[in-house]
Amino acid sequence: MPISFKKITIIKPDDWHVHLREKNILKTVINYTTSFYQRAIIMPNLCNPIVNCKQSIYYRNKILKAQNNNKKFQPLMTCYLTEFTSPKELEVGFSKNFFTAGKLYPSYSTTNSEKGIKNIKNIYSLLEIMEKIGMPLLIHGEETESTIDIFDRETKFIDNTLDPLRNTFPYLKIVLEHITTKESVDYVVDSNSPYLAATITPHHLMLNRNDMLVNGIKPYFYCLPILKRKIHQIALRNAIASGNKSFFLGSDTAPHYDKNKINTTGCAGIFNAPSSLLAYITVFEEMNALKYFQAFCSENGPKFYNMPLNKEKITLVRKPSQVIKRIKIGKNIITPFLAGQILNWSINI
Ligand code: NCD
Ligand code: ZN
């Protein structure tokens, strides 16, 4: 990888965790993702979730039609697992490439997760088939029992759900998505398993809960899993700076209209597609870890998913650029992560 002080050229990255939504939002946000990323894992948590092959094909076509700046962009579709999903649907969907992975949302854990899983044991037959066919399981890893403190939900999930699940299905490929704690980092590192990986978002690398809650509450920093203490942010930053191949890029870009975020019950989710790659490189530079930037963005993910590396390249230049301040969609506005801020890096497309 040619690195110089002024610019860095890497294999074109993939984003392994993206929410594109539908209709007008889809038509606008898709072009940010396709500008920077060659492939993206598309989250299935639409209002009416993607639970079968037919819906997946339909949604995939909508995405391809909506994007207009990267002919080679590949949306990788996922199946929203429910307690009624048939193993056959997954098997056929995976073998025909209608699905790249299955997504486990514990019921009521996050946006549009109501139809998710109430009791993990009820989907053991699905997990068995996924283990057999090598279909990855993507996990929103938070326990949802009301007595569990929101800041402890991820760690409790590892102890109560993930660890027993991995003992039962040792060869099931699992991505623990958007990890936020030192415990999760340690769990992935200590497992040292080709069957377990984790994605890390730019906002969990750049922020901790003080950024969200001190000097006035910042609804734009509200996401799930929620931002944690600084020690956890540091653990995530050290994880990417270590070069450990079990960690890779998953931005969790999750657009919501401002009117839904700035509300008495504001939505969880940070729309970071316009700034995610520049945010990541900012952190890698701060951590003096640019030598691992390409692996995190463009190698570790495809290797885990058993996919070829992209052939295209992208060049990031050490030249200041400003993140777009707001995105208008009809009468509505979406405010991106780091809106209006000047970052040290720009993209040469
Ligand atoms: C996501 C969304 O809005 O769909 N929100 C979020 O805070 N990350 C869902 C998710 O990934 O949890
Ligand atoms: Zn998400």
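One is the number of the first residue; the rest follow in order along the sequence. One-based numbering, in listed order, for ligands and for the atoms of each.
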Backbone or side-chain N or O of Asn45 under 3.5 Å from ligand 1 N or O: yes
From the candidates Asn112, Leu224, Ile270, Asn260, the one that places a heavy atom nearest atom 6 (C) of ligand 1: Leu224
Thr111 neighbourhood, listing ligand 1 atoms whose heavy-atom distance to it stays under 4.0 Å: 1 (C), 2 (C), 3 (O), 4 (O), 5 (N)
Check: Lys228 main-chain N/O paired with Thr180 side-chain donor or acceptor under 3.5 Å: no
Minimum heavy-atom distance between Ile11 and Gln294, given as atom pair plus value: N-OE1, 2.9 Å
Per-residue contact class, Glu177 against ligand 1 - non-hydrogen pairs under 4.0 Å: neither
Side chain proximity check, Asp15 to Ile41, heavy atoms < 4.5 angstrom: no
Nearest neighbour in protein (non-hydrogen) for atom 1 (C) of ligand 1: His19 NE2, 3.6 Å
4.5 Å side-chain heavy-atom contact, Ser107 and Glu83: no
contact_flag Arg21 ligand 1 heavy-atom lt 4.0 Å: yes
Nearest non-hydrogen protein atom, atom 12 (O) of ligand 1: Thr110 OG1, 2.7 Å
Check ion pair Glu299-Lys245 (N to O, under 4.0 angstrom): no
Heavy atom of the protein closest to atom 8 (N) of ligand 1 (residue, atom name, distance): Asp252 OD2, 2.7 Å
Aromatic contact, Tyr280 with Phe296 (centres under 6.0 Å): yes
Note, Met206 side chain near Phe337 side chain (heavy atom, < 4.5 Å): yes
Residues Leu138, Thr199; criterion side chain to side chain contact (heavy atoms under 4.5 Å, CB included); working and verdict: CA-CA 10 Å; Leu138 316 183; Thr199 53; over 6 Å; no
Atom 5 (N) of ligand 1 - nearest protein heavy atom and its distance: Ala268 O, 3.1 Å
Atoms of ligand 1, numbered as shown, that sit under 4.0 Å from any heavy atom of His178: 11 (O)
Donor-acceptor pair, side chain of Gln74 and main chain of Gln38, under 3.5 angstrom: no
Heavy-atom check, side chain of Phe304 versus side chain of Val175, under 4.5 Å: yes
Ring centre gap for Tyr220 and Phe271 strictly below 6.0 Å: no
Atoms in ligand 1 with a heavy atom of Cys223 nearer than 4.0 Å: 7 (O)
Under 2.8 Å from the Zn ion (ligand 2), the protein N, O or S atoms, given as residue and atom: His17 NE2, His19 NE2, Asp252 OD1
Ligand-side contact atoms (ligand 1) for residue partner Ala254, heavy atom cut-off under 4.0 Å: 1 (C), 2 (C), 3 (O)
Side-chain touch Pro274/Ile327, heavy atoms, less than 4.5 angstrom: yes
For ligand 1, the portion of His140 having any non-hydrogen atom under 4.0 Å away: side chain
